[in-house]
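To start, the structure itself, in C-alpha cells.
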Amino acid sequence: MRLDPHSFADSGQPQTRSIDLELRADFGARVLEGEVALHFRSPGAGPLDLDTRDLSVRAVSALDGTPLRHELSAPEPILGARLRVELPAGSRGVRIRYATSPAATALQWLDPSQTTGKQPFLYSQSQPIHARSLAPLQDTPRVRVIVGSARFTVPSRLRALMAAAARGREPGSGDEAVDTFEMPQPVPPYLLAFAVGDLSSRQLSSRCAVWAEPALADAAAAEFAQVEDMLRAAEKLFGPYEWDRYDVLVMPPSFPYGGMENPRLTFVTPSILAGDRSLVNVIAHELAHAWTGNLVSNASANDFWLNEGFTVYAERRILESLHGREASELHATAGLHDLQVSLERFAARPELTRLRTDLRGVDPDEAYSTVPYEKGYLLLRRLEETAGRPAWDEFLRDYLGTFRFQSITTQDFLEFLEARLPGLAARARALEFVDAPGLPPDAPLPRSLRAEQLRRGETDPANPTELLVFLQGLAPDSVDLRELDARFGLSSRRSLELRHTFVLLQLRAGAPEAVDSARRVLLETGRMRYLRPLYTDLSRRHPEAARRIYEEARGGYHAIARSMVESVLKEQGALR
Ligand code: BES
Ligand code: ZN
C-alpha cells in the first residue's frame, strides 16, 4: 500500500532506516555525482519502490556490490519517476550510483555574482518533496532515516555545511576537500539539507552559532544574539532540546523562504537582517520546529498544519515568554491579516483551506499558503482557551513526548487529544477548523490593545511590528503616502516586511513611484512571501512592467519561486 499521496514508497516493502551519502559537487556542470546506500530496518526481498526526480541512475547493486535488476519508470508530473529495484531474498540494503540534474528541484547553484562575496554557492531545499531530486529514496516523512555518514567533496576554498553533526574535513584530490557529517537522530527526508559556500561562523553561546558569508557574519551575530534565550524559553515550554546544537545559516537573497527548520542548522533568508532584531520571530519559528515538525512530524502534506500550525503557536508562546503577551498578540494580529489575504486567494479552491487536506494529484508547492499556519494557530489557541493553559501545556508536553521521532496524521492527533482531554475537541468544535473550509465565524481573535489604538489613530507606532500592523490596517486611498513615507522612512527601510507592505499600498493607491519601489524589492529578494503579493498587485495594474521586472530579476530566483511568479503572471495575463 502507498504510504503517502506524494511518494511511491510502499508499506509492504522494506523501509530505509539509515542512509550513507557520498557526493561530489561539480560547480562547472552543476551536478552532484556520487552514491547513496540505503540500509533497511529489516532484511527483505521482492520489489523496492524509490522516489526519484531528474536523476541519472548509473548503477544499482546490493550492499556487497552485486548488480541488481532495476527499472526507472517514465516521470509523473508531480511525483517524479519511480525507481523499482528487484531485491533478492535477505537483502539488507541497496547501493545506487547516480548523478543529479542541473535542473534538480531541490538544488540552487548560484553564480559568484549572486552572492555577497562573489563566490559560488550551492544549497538544497528538500521540503516538501524535493529530496528525491537529490538522491533516490523513500521520500515520505513516514520513513524517517538516520544518516550514518555523509561525505561532500567540494572545492577546498569553500565549505560544506549539513543539517547534521559535523565530523571533520579530510583532504581530497587536487584542490578539493571532503567535509563529513553524521545525523544520529531519525529525520524525515524533507529535512535532509546542506549548503556549500564561502562561510564563516560566529559563536552565540556554547550550543549556538551563526554561519554566513564573511561580510555578513557580524551583522548576523548581532541580529541573532538572543538565540540562546529563545532556546531556553522553548525548553521550558516544550521539554529538552533533543538535537544537540542549534546553528543558523544565513542564505543568499534568492532563498525562497523566510526560514527552513533543517535540524541543527536552520536556514534563513538574509532579509531578516533588519538591523533591529524586528524579524527574529522567524528564528523563534524555525527553532520551535525542533519540537513541532522535526520531533513530531506530519505524516504527509495532507497534515501539513500539524507542522506549521503547531509551530506558529509555539513561536508565539516563545515570543510571549520573552517579550510579553502584548508582543505575541501583535504578531497574531499581523498573522490574522495574512490569513484573510490567503483565504481570499483560495476563494475558488476552498478545499485547500481545510486544515486536513486531500492532496492526491495536487502539487504541495501549489497548495502552499498561510492557511495551515494561521488557521492551525487559531485552532490550537481555541483548544488552549477551552482547556485552560495549565491543562493544555501539560497536554502539549505529553503529545510531544508520546510521538517523539514519529510522523503522524491529523487523525492520530485527534485521537490522542480525545484520550487525554476527553470532550475538549467537541467543546472547542475542533472539527470545524479541521474539516471545513474557511474560518469558523467565532474563531478566536487576537487581542492587542496597541493594535486597536493604532487602528483608531490614537497613538503612533512605537516599534516595527506596531508599524507593520498599522500599515496593514490602512486603506490605500485614505492616507497621504508621501507624508507617511517621510514620517516613518518607509521606502528606505531595511525590513522588507515593512517595505513590501508599504509598496503594496503605493501600488493600490496608484502612486507614480510604485513600480520603481516594487522593482527594488523584487530585485533584492527571492523570498516568495514578498514576491507573490507584489507580482500579483503589480501585474494587475502594470502587466508590462511586471513582465519586464520579472525578466530582469528571475536569474536571482529559485526554481520554485520562478514557477510561482510565472503562474501569478499568467493568471493576470502578463505572461503567456
Ligand atoms: N517549513 C517552512 C518552510 C517551507 C514550508 C518550505 C513548506 C517548503 C515547503 C518554514 O518553517 C516556514 O514556515 N517558514 C516561514 C517562516 C514564518 C512563518 C515565520 C516563511 O518562510 O515565511
Ligand atoms: Zn514553519
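Both ligands and their constituent atoms are indexed starting at 1 by order of listing. Counting from 1, the numbers follow the sequence of the chain as shown.
Where the criterion is an N or O separation shorter than 3.5 Å, residue side chain and backbone included, Val282 fails it with respect to ligand 1. Considering backbone and side-chain N/O atoms, Arg529 never comes within less than 3.5 Å of an N/O atom of ligand 1. Checked by distance only, ligand 1 and Gln127 come closer than 3.5 Å through their nitrogen or oxygen atoms. Between Glu261 and ligand 1, an N or O atom pair is found at a separation short of 3.5 Å.
Judged purely by distance below 3.5 Å, without hydrogens or angles, the side chains of Ser124 and Ser126 never pair a donor atom with an acceptor atom. For the 3.5 Å distance criterion, the side chains of Arg264 and Gln185 qualify, holding a donor opposite an acceptor. Side-chain atoms of His289 and Glu308 form a donor-acceptor pair, as typed in the model, at a separation below 3.5 Å.
Protein heavy atom in closest approach to atom 3 (C) of ligand 1: Gly259 O, 3.7 Å. Given atom 15 (C) of ligand 1, the protein heavy atom at minimum distance is Glu286 OE2, 4.0 Å. Of all protein heavy atoms, the one lying nearest to atom 21 (O) of ligand 1 is Gly258 N, 2.6 Å.
When distances from the Zn ion (ligand 2) to the N, O or S atoms of Glu308 are compared, OE1 comes out shortest. Of all N, O or S atoms in His289, the one lying closest to the Zn ion (ligand 2) is NE2. Nearest N/O/S atom of His285 relative to the Zn ion (ligand 2): this is NE2.
In this structure, the separation between OG on Ser517 and CG on Leu504 is 11.0 Å, given to the nearest 0.5 Å.
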Is there a salt bridge (charged side-chain N to carboxylate O under 4.0 Å, His left out) between Arg316 and Glu374 once you walk through the steps?
-> CA-CA 11 Å; Arg316 294 192 179 136; Glu374 296 293 343; 2.8 Å; yes
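Paired with Phe255 under the rule ring-ring contact (aromatic ring centres under 6.0 Å, His included), one option of Phe121, Tyr123, Tyr530 passes, and it is Tyr123.
Contact annotation for His285 and ligand 1: only side-chain heavy atoms (C-beta onward) come within less than 4.0 Å of the ligand.
In summary, Arg325 and Glu320 engage in a salt bridge, as defined by a charged side-chain N under 4.0 Å from a carboxylate O.
Using a 4.0 Å cut-off to heavy atoms of Tyr373, the atoms of ligand 1 that qualify are 2 (C), 5 (C), 12 (C), 13 (O), 18 (C).
Within the structure, the closest approach of Tyr190 to ligand 1 does not fall below 4.0 Å when heavy atoms are considered. Residue contact annotation: Arg527 has a non-hydrogen atom under 4.0 Å from ligand 1.
Residue pairs meeting the salt bridge (charged side-chain N to carboxylate O under 4.0 Å, His left out) criterion with at least one member in residues 557-567, sequence neighbours excluded, are Arg554-Glu566. Applying the side chain to side chain donor-acceptor pair (under 3.5 Å) test to every pair with at least one member in residues 339-350, sequence neighbours left out, gives these pairs: Ser342-Thr370.
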